[in-house]
Amino acid sequence: MSRHTTFRYRLDPTTEQHTTLARHAGAARFAFNQCLHLVKTALTQRETDPEQPVPWTGFSLINAFNAWKKTEAAGRVFAVDTAGVARVRVTGLVWRDQVCQQVFEEAAVDCGRALANWSDSRNGRRQGRRVGFPRFKSKRRATSGFRLRNKPARNGRPSIRIGDGDTPRSVTPPGLGVLRVWEDTRRLRRMLAKGRAKVLYATVTERGGRWWVSVATEVADLHPAHQHRPRDPRDEHGWVGVDRGLSAFVVAATAEGGEVARITAPKPLAAGLSRQRRLSKALSRTQKGSRHRDRAAARLARHHRKTADIRRHFLHEVTGMLVQTHDRLVVEDLHVAGMLRNPRLARAIGDAGWAEFARILRYKQQWRAGTVIAADRWFPSSNLCSRCGTVNTGLRLADRVFACVCGLQLDRDVNAAVNLARWPTIHQSVSRSPDLPAGGRVTNARRREGADRHRSGVGVTGPVDAGTDTHPLAV
């Protein structure tokens, strides 16, 4: 068994490398837009000619772009001979040799995936919110980047290398040379040397004036010493309820009523809201297309990046602490997208990052062979008395103490966490049915061999989540 994870490093490029990275990011954007243009042109021609083929998949878009980049439409020059006669010489994309060809291929694959998502969403094969038709990417996007595959060379040497040569803190993607990074790469280098990891691809992105590289890998499962011990399926004890809130980000409690954790979020958006408003006003006062506007936009982007980094670091710390100390967790199945429609609480809910917390908690618990259960969305965990089971329909959001007619007076969040911890015991069907109304959804880490081996399962590692010692990589 193996798992997918991503090692993220901040790049430290030179001036020349910064130009090269920007050129590759621009080439990826250009290829995506051109592939989308080819699709729209073919769809328009198909209205008059039903036999007109439309490149739709990633493979067909790669072939269509490779054929287009050598045509007259991609580039041409006029050569005048000594007699004054002008001749057209087809050159195609004259700069296509200045970037790695994988950038074009991966951009075409992204365009094909976007078209497939739109088609599946339109036909009802994709769950969630409706996905619109792909749009052209702008140069003014907040985030730009490109992706490169770890395609082995003829001599068997991988094209993406970590700590190549005498520079341990470096990443070497194809066509870019040695790129220095700020973080230590020792953990990934050791895993690669022992055969416990395999690099799949690397994604280079730029946000807020900083370049990052995310190395997606397939690594061995955590050593059994770092995993939770298997439990008897008939064992109904050991569940810990995790209640998410705004005043206290996480309150965890056992079914017996003992509070095991209470964590308060840093709320980075609320802390930096005054500065964000000042930077936004400064940006709106500048003239479009001026250098002052670019500088003001860069300052605002750096502020947003810092806010997101603080929130991400906090979520990794909290989830890492929970999965290391508890093997059975119960969380609420919150409809976060619907809760964000509340105009009074939308900013606070978005600042908390509830959906990202649940996503990180699930895949980290899977790594440690634990279990995460999502309780029914309509389960009244906050309104239900944990002693007598009476539902208090008059409980308001401002009431922080739960009071029941049976005489129980308990902290509101602790009462909700206790009810969540008792959810698997009360609803016996929770371990058998994936249907939410029938009793909730189960995410069990003890998956079968080969499960969860796809790109959507790739997560982001925390500081110590990837550590294994002697567990070999399954082939």
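Bear in mind the structure is a predicted one, so any value in this text is a computation, not a measurement. For the numbers below, each heavy atom of this structure counts, side chains included, while hydrogens, waters and symmetry mates do not.
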Check: Hey, are D351 and R311 close enough for a salt bridge, meaning a charged N less than 4.0 Å from a carboxylate O?
Finding: yes
Note to self: List the residues meeting side-chain contact (heavy atoms from CB on, under 4.5 Å) with N342, not counting sequence neighbours, and say none if there are none.
What the structure shows: R344, L345
Item checked: Near-ring test F30/W95, centroid separation under 6.0 angstrom -> yes
Next item on the list: Assess the side chains of K69 and Q101: does a donor N or O sit below 3.5 Å from an acceptor N or O?
Entry: yes
Item checked: Over 12 non-hydrogen atoms of neighbours within 6.0 angstrom of CZ in R189 -> yes
Next item on the list: Please name the pair of heavy atoms, one in A296 and one in T286, separated by the smallest distance, quoted to 0.1 Å.
Entry: CB-CG2, 4.4 Å
Margin query: Would you call the rings of Y9 and F7 parallel, tilted or perpendicular, taking 30° and 60° as the class edges?
Written below: parallel
Check: Is it true that F249 and F314 have ring centroids separated by less than 6.0 Å?
Finding: yes
Note to self: Between Q365 (side chain only) and H326 (backbone N and O only), is there a donor and an acceptor less than 3.5 Å apart?
What the structure shows: yes
Notebook entry, point to check: Is the backbone N or O of K137 less than 3.5 Å from a side-chain atom of N33, with the two atoms forming a donor-acceptor pair by type?
Noted result: yes
Notebook entry, point to check: Sequence neighbours excluded, which residues qualify as side-chain contact (heavy atoms from CB on, under 4.5 Å) partners of R305?
Noted result: R210, R302, D309
Next item on the list: Given side chain to side chain contact (heavy atoms under 4.5 Å, CB included), test T217 with T5 step by step and report yes or no.
Entry: CA-CA 6 Å; T217 59; T5 184; 3.5 Å; yes
Notebook entry, point to check: Judged by atom type as modelled, is there a donor-acceptor pair below 3.5 Å linking the side chain of H228 to the main-chain atoms of V323?
Noted result: yes
Check: Which atoms form the tightest heavy-atom contact between G209 and E206, and what is the distance?
Finding: N-OE2, 3.0 Å
Next item on the list: For residues P266 and I310, report the shortest heavy-atom separation together with the two atoms involved.
Entry: CG-CG2, 4.2 Å
Note to self: Counting only heavy atoms not in R293 (residues, nucleotides, ligands), do more than 12 fall under 6.0 Å from its CZ?
What the structure shows: yes
Check: So which pairs with a foot in residues 119-133 pass salt bridge (Lys or Arg N to Asp or Glu O under 4.0 Å), sequence neighbours left out?
Finding: D120-R125
Next item on the list: Would you please say whether a donor-acceptor pair under 3.5 Å links the side chains of H313 and E317?
Entry: yes
Check: Below 4.0 angstrom, N of the basic side chain to O of the carboxylate: do R149 and E105 qualify?
Finding: yes
Next item on the list: Begin with the C-alpha distance, continue with both residues' side-chain angles, and end with the deciding distance and a verdict on side chain to side chain contact (heavy atoms under 4.5 Å, CB included) for V331 and I373.
Entry: CA-CA 6 Å; V331 296; I373 290 181; over 6 Å; no
Next item on the list: Answer yes or no: is there an ion pair linking D294 with R140, defined by an N-O contact shorter than 4.0 Å?
Entry: yes
Checklist line | Heavy-atom side-chain proximity of L148 to C100 below 4.5 angstrom | finding: yes
Notebook entry, point to check: Just how far is it from atom CG of L36 to atom CG of L115, taken to the nearest 0.5 Å?
Noted result: 6.5 Å
Note to self: When you measure from the side chain of T14 to the backbone of Q17, do you find a donor-acceptor pair of N or O atoms at a distance under 3.5 Å?
What the structure shows: yes
Notebook entry, point to check: Does R299 offer a backbone N or O that forms a donor-acceptor pair with the side chain of H303 under 3.5 Å?
Noted result: no
Next item on the list: Kindly say whether L222 contributes a backbone atom to a donor-acceptor pair with the side chain of Q227 at under 3.5 angstrom?
Entry: yes
Check: Is atom CG of N123 surrounded by more than 12 heavy atoms (other residues, nucleotides or ligands) closer than 6.0 Å?
Finding: yes
Next item on the list: Please report the closest heavy-atom contact between W68 and L93, naming both atoms and the distance.
Entry: CZ3-CD1, 3.9 Å
Notebook entry, point to check: Can you check side chain to side chain contact (heavy atoms under 4.5 Å, CB included) on V54 and V39, steps first, answer last?
Noted result: CA-CA 6 Å; V54 179; V39 172; 4.2 Å; yes
Check: Ignoring hydrogens and geometry, is there a side-chain-to-backbone donor-acceptor pair from R161 to P158 under 3.5 Å?
Finding: yes
Checklist line | Backbone of S159 reached by a side-chain donor or acceptor of N150 within 3.5 Å | finding: yes
Margin query: Taking R196 first and then D221, would you say they form a salt bridge - that is, a charged N and a carboxylate O separated by under 4.0 Å?
Written below: no
Checklist line | Pair T44, T41: side-chain N/O donor-acceptor within cut-off below 3.5 Å | finding: no
Next item on the list: Give, for atom NE2 of H24 and atom OG1 of T19, the distance between the pair rounded to the nearest 0.5 Å.
Entry: 12.0 Å
Next item on the list: Answer whether the closest heavy-atom distance between the side chains of R328 and R231 falls below 4.5 Å.
Entry: yes
Checklist line | Salt bridge present between R368 and D327 (N-O < 4.0 angstrom) | finding: no
Margin query: Please determine whether the number of non-hydrogen atoms from other residues, nucleotides or ligands lying under 6.0 Å from atom NZ of K306 exceeds 12.
Written below: no
Notebook entry, point to check: Closest heavy-atom contact between D333 and A375?
Noted result: CB-O, 3.2 Å
Item checked: Gap between atom CZ of R278 and atom CG of L300 - 0.5 Å precision -> 11.5 Å
Notebook entry, point to check: Stepwise, does the side chain to side chain contact (heavy atoms under 4.5 Å, CB included) test hold for F104 with V99?
Noted result: CA-CA 9 Å; F104 299 138; V99 297; 3.5 Å; yes
Notebook entry, point to check: Is the number of heavy atoms from other residues, nucleotides or ligands under 6.0 Å of H335 NE2 greater than 12?
Noted result: yes
Notebook entry, point to check: Under the ring-ring contact (aromatic ring centres under 6.0 Å, His included) criterion, do W354 and F357 qualify, and how do the steps go?
Noted result: CA-CA 5 Å; W354 286 347; F357 169 81; 9.6 Å; no
Margin query: Assess, by modelled atom type and distance only, whether the side chains of T143 and R207 contain a donor and an acceptor separated by less than 3.5 Å.
Written below: yes
Next item on the list: Look up atom CD in Q102 and atom OH in Y201, then write down how far apart they are to the nearest 0.5 Å.
Entry: 13.5 Å
Checklist line | Between CG on residue D164 and CG on residue L179, distance to nearest 0.5 Å | finding: 11.0 Å
Checklist line | R147 and D110 ion-paired at < 4.0 Å | finding: yes
Margin query: Main chain of R180, side chain of S170: is a donor-acceptor contact present, judged purely on distance under 3.5 Å?
Written below: no
Next item on the list: Please report the closest heavy-atom contact between F65 and C35, naming both atoms and the distance.
Entry: CB-SG, 4.0 Å
Notebook entry, point to check: What distance do R3 atom CZ and Y363 atom OH have between them, rounded to the nearest 0.5 Å?
Noted result: 10.0 Å
Notebook entry, point to check: Does K364 use its side chain to pair, donor to acceptor, with the backbone of H316 at less than 3.5 Å?
Noted result: yes
Next item on the list: Cation-pi check, R10 to W211: give yes when NZ or CZ is under 6.0 Å from the six-membered ring centre and within 45° of the ring axis, no otherwise.
Entry: no
Check: Relative to each other, are the rings of W118 and F133 parallel, tilted or perpendicular (30° and 60° limits)?
Finding: perpendicular
